[in-house]
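Below is one structure, written out as structure tokens; comments come after it.
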Amino acid sequence: MMSASSSDRERVQTIVDLLDDRYGKIDWWNAPPDEVMVGAILTQQTRWENVECAVDRLREAGLLSIPAIAAASPERLEEAVRCTGFYRVKTRRLVALAEFVVHRFGSTGAMDLMESDELRQALLSVRGVGEETADSILCYGFSRNAFVIDAYTRRICACAGITGTDAMLRALFEGALLGQNERYRLTHAHIVEYAKEFCSRKRCEECSIRSFNG
DNA sequence: GACCAGGTCCTTG
DNA sequence: CAAGGACATGGT
């Protein structure tokens with residue numbers, strides 16, 4: 001058991017190990033870069049099942065690529081992504097990102113030539129791309145070592161008695177993941193799965209991570 | 001019918 | 001900087 005004086009670093013390592021034991025290798029958000037960028041926007045404040053609905057609709061409409069989105073009418077995009085909610089603002093964000101990629105890089109492939117830090121800054125300059133969205137794109141779309149901090153991560157960390165800014169949490173997890181993209185992907189996936197399983201009114205008390213706190 | 005979901009932006013104090 | 005609201009559909 002963790003002692004009351006265990007450091008944040010130790011607690012994070014314990015969480016990472018506990019989740020790895022529980023879920024192990026899982027296939028999670030394995031998709032081409034264009035699809036990850038689209039999904040990263042659409043999943044904002046939205047359940048993943050609804051994102052899949054929109055992704056299917058976009059695919060059927062031939063709009064599941066950055067060039068296609070950059071050239072599409074807002075009306076067609078809105079119709080396809082309506083099932084994810086916030087469909088007007090998400091359409092604007094998709095178009096902003098697609099136009100940014102096309103104008104600044106020409107293609108998705110050219111983006112991959114950039115250093116991670118610069119690519120992150122570039123993504124953050126797009127209206128509608130915040131830190132979580134940018135890191136999701138980096139981690140899952142471009143296999144970079146960017147750890148995604150989301151609401152679930154904050155909640156689980158808070159339960160474990162770990163407090164701090166997103167930047168601090170990100171540094172803590174990145175310190176535990178040994179610079180391997182596969183571990184970055186898996187750990188964030190594990191956190192989401194665990195949170196969906198235990199961070200509900202009903203099952204919060206069964207969550208063993210609470211006991212790490214003091 | 002209330003409440004929440006893998007955020008982000010904008011406005012106020 | 002912290003807090004509060006807007007954005008909107010779909011599931012419990």
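So you know, we letter chains A, B, ... as the sequences are listed, proteins then strands, and number each from 1.
- Using a cutoff of 4.0 Å between basic side-chain nitrogens and carboxylate oxygens, A/Asp135 and A/Arg170 are scored as salt-bridged.
- With sequence neighbours excluded, the residues forming a side-chain contact (heavy atoms from CB on, under 4.5 Å) with A/Glu205 are A/Arg210, listed by chain and number.
- Side-chain contact check for A/Glu197 and A/Tyr23: at least one donor-acceptor pair (N or O, by modelled atom type) lies under 3.5 Å.
- A/Thr153 comes within 4.0 angstrom of nothing in the nucleic acid, heavy atoms only.
- Counting non-hydrogen atoms under 4.0 angstrom, A/Arg155 reaches the backbone sugars and phosphates but no base.
- When rounded to the nearest whole Å, the span between CG of A/Leu94 and P of B/dT8 equals 14 Å.
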Are any protein N/O atoms closer than 3.5 Å to N/O atoms in nucleotides 9-13 of chain B? If there are, list each pair with its distance.
from   : atom 1 : to       : atom 2 : distance (Å)
B/dC9  : OP1    : A/Gly128 : N      : 2.9
B/dC10 : OP1    : A/Arg127 : NH2    : 3.3
B/dC10 : OP2    : A/Arg127 : NH2    : 3.1

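- Between A/Asp117 and A/Arg120 no salt bridge is recorded (no basic side-chain N to carboxylate O distance below 4.0 Å).
- Look at CG on A/Asp150: it is 14 Å from C1' on B/dT8, rounded to the nearest Å.
- Grouped with A/Val89 in one hydrophobic cluster are A/Phe86, the linkage being side-chain heavy-atom contacts under 4.5 Å among Ile, Leu, Val, Met, Phe, Trp and Tyr residues.
- Residue A/Asp166 contributes atom CG, which lies 11 Å from atom P of C/dA2 at whole-angstrom precision.
- In this model, a donor atom of one side chain and an acceptor atom of the other lie less than 3.5 Å apart for A/Asp34 and A/Thr108.
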Check your understanding: Where do A/Glu206 and A/Arg203 land on the salt bridge (charged side-chain N to carboxylate O under 4.0 Å, His left out) test, with the steps shown first?
Key -> CA-CA 5 Å; A/Glu206 302 172 42; A/Arg203 300 204 57 191; 2.9 Å; yes

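- No side-chain N or O of A/Arg93 forms a donor-acceptor pair with one of A/Thr133 less than 3.5 Å apart.
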Quick one: which protein N/O atoms are closer than 3.5 Å to N/O atoms of nucleotides 8-12 of chain C? Pair and distance per line, please.
from  : atom 1 : to      : atom 2 : distance (Å)
C/dA8 : OP1    : A/Phe86 : O      : 3.4
C/dA8 : OP1    : A/Tyr87 : N      : 3.4
C/dA8 : OP1    : A/Arg88 : N      : 2.7
C/dA8 : OP1    : A/Val89 : N      : 2.9
C/dA8 : OP2    : A/Arg88 : NE     : 3.1
C/dA8 : OP2    : A/Arg88 : NH2    : 3.4
C/dA8 : O4'    : A/Phe86 : N      : 2.8

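- In this pair, A/Phe173 and A/Phe147 present their aromatic rings parallel. The plane angle is below 30°, not in the 30 to 60° band.
- Every residue meeting the side-chain contact (heavy atoms from CB on, under 4.5 Å) condition with A/Ser73, not counting sequence neighbours, appears here in chain and number order: A/Glu75, A/Arg76.
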Check your understanding: How would DNA chain B look in dot-bracket form, 5' to 3', counting Watson-Crick and G-U wobble pairs with both distances under 3.5 Å and writing | for bases paired to another strand?
Key -> .||||.|||||||

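- Stacking of A/Arg11 on the aromatic ring of A/Phe212 is not recorded, the 6.0 Å distance cut-off and the 45° axial limit not both being met.
- Per the geometry, CD belonging to A/Gln44 stands 19 Å off P belonging to C/dA6, to the nearest Å.
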